[in-house]
Participant: 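My structure is below; once you've seen it, I'll send some questions.
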Amino acid sequence: DAGITQSPRHKVTETGTPVTLRCHQTENHRYMYWYRQDPGHGLRLIHYSYGVKDTDKGEVSDGYSVSRSKTEDFLLTLESATSSQTSVYFCAISDRDRITYEQYFGPGTRLTVT
Amino acid sequence: QQQVKQSPQSLIVQKGGISIINCAYENTAFDYFPWYQQFPGKGPALLIAIRPDVSEKKEGRFTISFNKSAKQFSLHIMDSQPGDSATYFCAASYSGNTPLVFGKGTRLSVIA
């Protein structure tokens with residue numbers, strides 16, 4: 001998984017609680033992304049970062065916030081978890097300063113909101 | 001607005017047959033078209049990618065065909081094997097800071 005770890009790998013939480021997912025990379029890539037994967041919807045971009053403290057919204061950003069204080073860590077926070085946020089969350093990284101635009105994905109975090 | 005449309009949603013192919021998955025895009029600024037393969041419980045992994053300056057790219061049993069005028073590209077898996085059973089995603093992107101835009105995926109099952 002190209003030096004990408006996600007934690008936790010599985011989490012069950014209750015509606016209304018805050019949840020933070022962590023993505024950690026050892027590749028020193030500039031760009032980091034958070035996606036959610038749901039049946040019938042494929043991979044949808046939540047937020048992404050193009051440098052430390054530089055972030056932007058994706059297609060499905062409502063209810064999520066992110067932070068990146070170090071190159072290697074990108075945090076995704078569900079401010080008040082809802083059942084509609086039950087999903088598998090993937091972090092990805094890329095180094096778009098090179099010719100290739102390849103994104104490398106982490107192993108995913110399965111989140112269940114009850 | 002879905003920028004990349006993928007079909008079919010699911011596909012069953014006999015072992016040794018050809019698997020074909022199609023994608024269509026809308027944004028003519030896209031200049032990078034990858035295909036990702038995902039096995040259950042794993043993250044997607046890059047399989048093969050193409051840029052619009054070529055009409056075809058082949059890597060082993062996997063071929064991307066690209067039709068710029070029709071704004072379509074497809075993945076062909078020759079001599080499909082049970083080990084190819086996975087979900088396949090097409091995607092597109094363009095120069096700059098734009099992230100990949102993904103299709104909704106195709107679940108491929110190769111049966112013996």
Side-chain angles (χ1 to χ4, degrees), chain A residues 1-7 9-10 21 23-25 29-51 54-61 66 74 87-110, chain B residues 1-10 21-27 29-54 57 59 64 75 86-108:
Chain A
D1 292 321
I4 309 170
T5 56
Q6 293 185 231
S7 58
R9 293 294 312 279
H10 302 272
L21 308 182
C23 177
H24 178 79
Q25 60 146 329
H29 281 4
R30 178 181 172 190
Y31 295 84
M32 299 185 75
Y33 312 84
W34 277 108
Y35 291 88
R36 61 177 289 173
Q37 183 173 24
D38 305 287
H41 291 277
L43 291 154
R44 293 182 292 175
L45 182 68
I46 305 171
H47 283 279
Y48 67 102
S49 169
Y50 45 95
D54 292 323
T55 65
D56 205 349
K57 296 179 179 180
E59 177 188 357
V60 290
S61 61
V66 290
F74 193 31
S87 186
V88 180
Y89 292 86
F90 287 99
C91 173
I93 64 173
S94 71
D95 192 350
R96 296 170 65 86
D97 294 330
R98 301 178 183 174
I99 296 176
T100 176
Y101 296 165
E102 179 173 358
Q103 285 185 195
Y104 301 90
F105 283 82
T109 293
R110 182 173 295 276
Chain B
Q1 182 182 13
Q2 187 182 359
Q3 295 195 60
V4 179
K5 295 183 179 181
Q6 184 172 346
S7 63
Q9 288 186 343
S10 62
I21 305 170
N22 300 299
C23 280
Y25 63 96
E26 298 168 4
N27 190 340
F30 287 146
D31 65 354
Y32 174 69
F33 302 91
W35 284 90
Y36 279 77
Q37 180 187 55
Q38 184 183 30
F39 293 106
K42 303 291 187 182
L46 179 68
L47 184 63
I48 186 173
I50 197 169
R51 295 191 183 277
D53 52 340
V54 296
K57 182 175 182 180
E59 291 184 0
I64 298 180
L75 175 69
T87 299
Y88 293 81
F89 294 96
C90 63
S93 182
Y94 56 89
S95 303
N97 294 331
T98 56
L100 288 171
V101 177
F102 285 87
K104 293 188 175 183
T106 297
R107 177 173 288 184
L108 171 66

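Below, read A as the first sequence line, B as the second, and so on, with proteins coming before strands; counting in each chain starts at 1.
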Participant: Is the shortest side-chain heavy-atom distance between L100(B) and Y35(A) below 4.5 Å?
Facilitator: yes
Participant: Answer yes or no: is there a side-chain heavy-atom contact under 4.5 Å between K42(B) and F90(A)?
Facilitator: no
Participant: In Å and rounded to the nearest 0.5 Å, what is the CD to CG distance from Q38(B) to L43(A)?
Facilitator: 6.5 Å
Participant: Would you mind checking which part of Q37(A) comes under 4.5 Å of any heavy atom in chain B, side chain (CB onward), backbone (N, CA, C, O), both or neither?
Facilitator: side chain
Participant: Of the backbone (N, CA, C, O) and the side chain (C-beta and beyond), which part of P44(B) lies under 4.5 Å from a heavy atom of chain A, both, or neither?
Facilitator: both
Participant: Please state whether the side chain, the backbone, both or neither of L45(A) comes within less than 4.5 Å of a heavy atom of chain B.
Facilitator: side chain
Participant: Run the side chain to side chain contact (heavy atoms under 4.5 Å, CB included) check on F102(B) and E59(A) step by step: do they pass?
Facilitator: CA-CA 11 Å; F102(B) 285 87; E59(A) 177 188 357; over 6 Å; no
Participant: Looking only at heavy atoms, what is the nearest atom pair of Y33(A) and P99(B), with distance?
Facilitator: CE2-CB, 3.6 Å
Participant: Given side chains that start at C-beta, do those of Y36(B) and Q103(A) come closer than 4.5 Å, heavy atoms only?
Facilitator: yes
Participant: Does a sphere of radius 6.0 Å around CD in Q9(B) hold more than 12 heavy atoms from other residues, nucleotides or ligands, not counting ones at 6.0 Å or beyond?
Facilitator: no
Participant: Verify the neighbour count for atom CZ of R107(B): are there more than 12 heavy atoms of other residues, nucleotides or ligands below 6.0 Å?
Facilitator: no
